[in-house]
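Structure first, then comments.
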Amino acid sequence: MKIDGKDWRTIWLERDGQSVGIIDQTQLPHRFVTARLATLADAAHAIKSMQVRGAPLIGAAAAYGLWLALREDASDDSLERAYAALLATRPTAINLKWALDEMLAAVRNRPRGERVAAALARAGAIAEEDVAINKAIGRHGLPLIEAIAARKNGGRVNVLTHCNAGWLATVDWGTATAPIYMAHDKGLPVHVFADETRPRNQGAALTAWELGHHGVPHTVIADNTGGHLMQHGLVDLVVVGTDRVTAHGDVCNKIGTYLKALAAHDNKVPFYVALPSPTIDFTVSDGVAEIPIEQRAPDEVACISGKTRDGRIESVQLVPDGSPVANYAFDVTPARLVTGLITERGVLKAERAALAAAFPERSA
Ligand code: MRU
C-alpha cells in the first residue's frame, strides 16, 4: 500500500541481498522508522518485541529469520535451533508455525550447499503468496460492502474493526482491510470505526495510521464503544482478522474481539472474520480449551506511551504503584457468533464441513 504516494510493503529483501528490511511498528504512529534484520537473533527479537506483528507478517518474518539463520550456519543442528528459537517468540498466531514448517519442508532434504538459496526462495514465495491471498480476500469481501452500500442507497457504510488486521499486519493489503481498501478505491463511501485496542493500541496507532495514509475515512473509538454504536444502528458490519481459526471455525483474535462478537450478535450486526488459509489450524477443535493465549508483560497494561505536546514520545504509568495487572493478549470467539469467514477461496460458514471442503489439502 502507499505511504505518501510511495509503495511500501511491511517486509522486504534488502538491496544487499543479505538482510531483510522491515517497518519498525513499535515506532508508529508518531515516527516512521525502518529496521534491518541481518541475523536469526534480529528476526526473533523483531517478532518478540512486536517490531513486526500480525499473524501473517509474523509468519513471513519467521520464514526470513530461518533463511538468516541458515546463512550463518546451514547445518541440521542450526536448522533445528533456529526453528525452535523462532517458534518460541509468540505462541498464539499459528501462521508462525505454518511458515516455519513450510521452510523446513523446503530445505530439510537438500544438501547444505543448496539450503540458503532454497530458504530464500521459499521465504520470498511465502511473502508473495500472502499478498495474493489478501487480494483474493479483498475480492471476496468486497461484495459484502457493495451490498450494504446498495441497500443504503449510497449512504455511508460503517465497518467496525478491532486491533490491526490491516496491511501492517500482513505483507500487503491486510486481511480485514483488503475489502475496505478495495471498496474505497472503487469510490464506495466506506467509513471505519477503529477500536483503540488496549493494551498496545494497535487500532489507535496502526489501523488509524494506515487508513489515514490511504485516505480511508475513519474514527478511532475507545474499546468499550462498539456496543453502544451497534445499539444505535451506527455499525453495518464488523470485520476483524484472526491469529488462529480452529477446524470448527472458532476464532482466536486480539483480546476484546469476543465482546464485539457478543454485541454484534445481540444487535444482529453481521460479524465477519477475514483470514488467509495458513491461519486455519485443523489440529485444533475447541478454540477456548485448546488455543494457547499469550500473556504479555504487565507494563503494557500498567503504562501507556504517546506523544507529548512538545513532540517527545513518553511512557506514563496509569495504575497505582503496586497494583497487580493481567495482560491476556487474545481471546476466542466461538464459531456460533461468526456470520462468515472471508477467505481467499470465498466466504465460508464457520463450520468444519465448509472449511474442509474449501481447503481439502490442509484438512487432510
Ligand atoms: O498482537 P498482534 O498485534 O500481533 O495481534 C494482531 C491481531 O490480533 C490481528 O488482528 C491478527 O493477527 C490478524 S492480522 C491480519
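The first residue in the sequence is number 1, and the count goes up from there. All values derive from a computational prediction rather than experimental measurement. Counting convention: from 1, in listed order, for ligands and their atoms alike.
Of the heavy atoms in V240, none comes closer than 4.0 Å to ligand 1.
Which parts of ligand 1 touch Q202 is read off a 4.0 Å heavy-atom cut-off, strictly below it: atoms 1 (O), 2 (P), 3 (O). For ligand 1, the atoms lying closer than 4.0 Å to a non-hydrogen atom of M50 are 1 (O), 2 (P), 3 (O). Close approach to A169 involves these atoms of ligand 1, each under 4.0 Å from a residue heavy atom: 14 (S), 15 (C). Taking every heavy atom of K254 and a limit of under 4.0 angstrom, the matching atoms of ligand 1 come to 1 (O), 2 (P), 5 (O), 8 (O).
Ring centers of F193 and H218: at least 6.0 Å apart, outside the cut-off.
Protein heavy atom closest to atom 15 (C) of ligand 1, with residue, atom name and distance, is T175 OG1, 3.0 Å. Protein heavy atom in closest approach to atom 10 (O) of ligand 1: N253 OD1, 2.8 Å. When only non-hydrogen protein atoms are considered, atom 7 (C) of ligand 1 lies nearest to D243 OD1, 3.3 Å.
Distances from ligand 1 to the non-hydrogen atoms of R90 include at least one value under 4.0 Å. Residue contacts with ligand 1 leave out N95, since none of its heavy atoms falls under 4.0 Å from the ligand. Put simply, part of P56 is less than 4.0 Å from ligand 1, judged by heavy atoms. Look at R200 and you'll find every heavy atom at least 4.0 Å from all atoms of ligand 1.
Ring geometry for H228 against H232 counts as tilted: the plane angle lies between 30° and 60°, on a 0 to 90° scale. Using bins of under 30°, 30° to 60° and over 60° for the plane-to-plane angle, the ring pair F32/W209 lands in the parallel bin.
Using a cut-off of 4.0 Å between Lys/Arg side-chain N and Asp/Glu carboxylate O, D281 and R244 are scored as salt-bridged. Salt-bridge annotation for D16 and R36: present, with a side-chain N of the basic residue lying under 4.0 Å from a carboxylate O of the acidic one. Note on K152 versus E146: no salt bridge recorded, every NZ/NE/NH1/NH2 to OD/OE distance being 4.0 Å or above. A salt bridge does not link E294 with K254: every distance from a Lys NZ or Arg NE/NH1/NH2 to an Asp or Glu carboxylate oxygen is 4.0 Å or more.
Between G54 and ligand 1, at least one pair of N/O atoms sits closer than 3.5 Å. By the 3.5 Å distance cut-off applied to N or O atoms, A55 is counted among the residues near ligand 1. Geometrically, ligand 1 and R53 share a nitrogen or oxygen pair separated by less than 3.5 Å.
In this structure a side-chain-to-backbone donor-acceptor pair under 3.5 Å is present from S78 to D73.
For the pair L86/L40, a side-chain contact is recorded, criterion being any heavy-atom separation below 4.5 Å from C-beta on.
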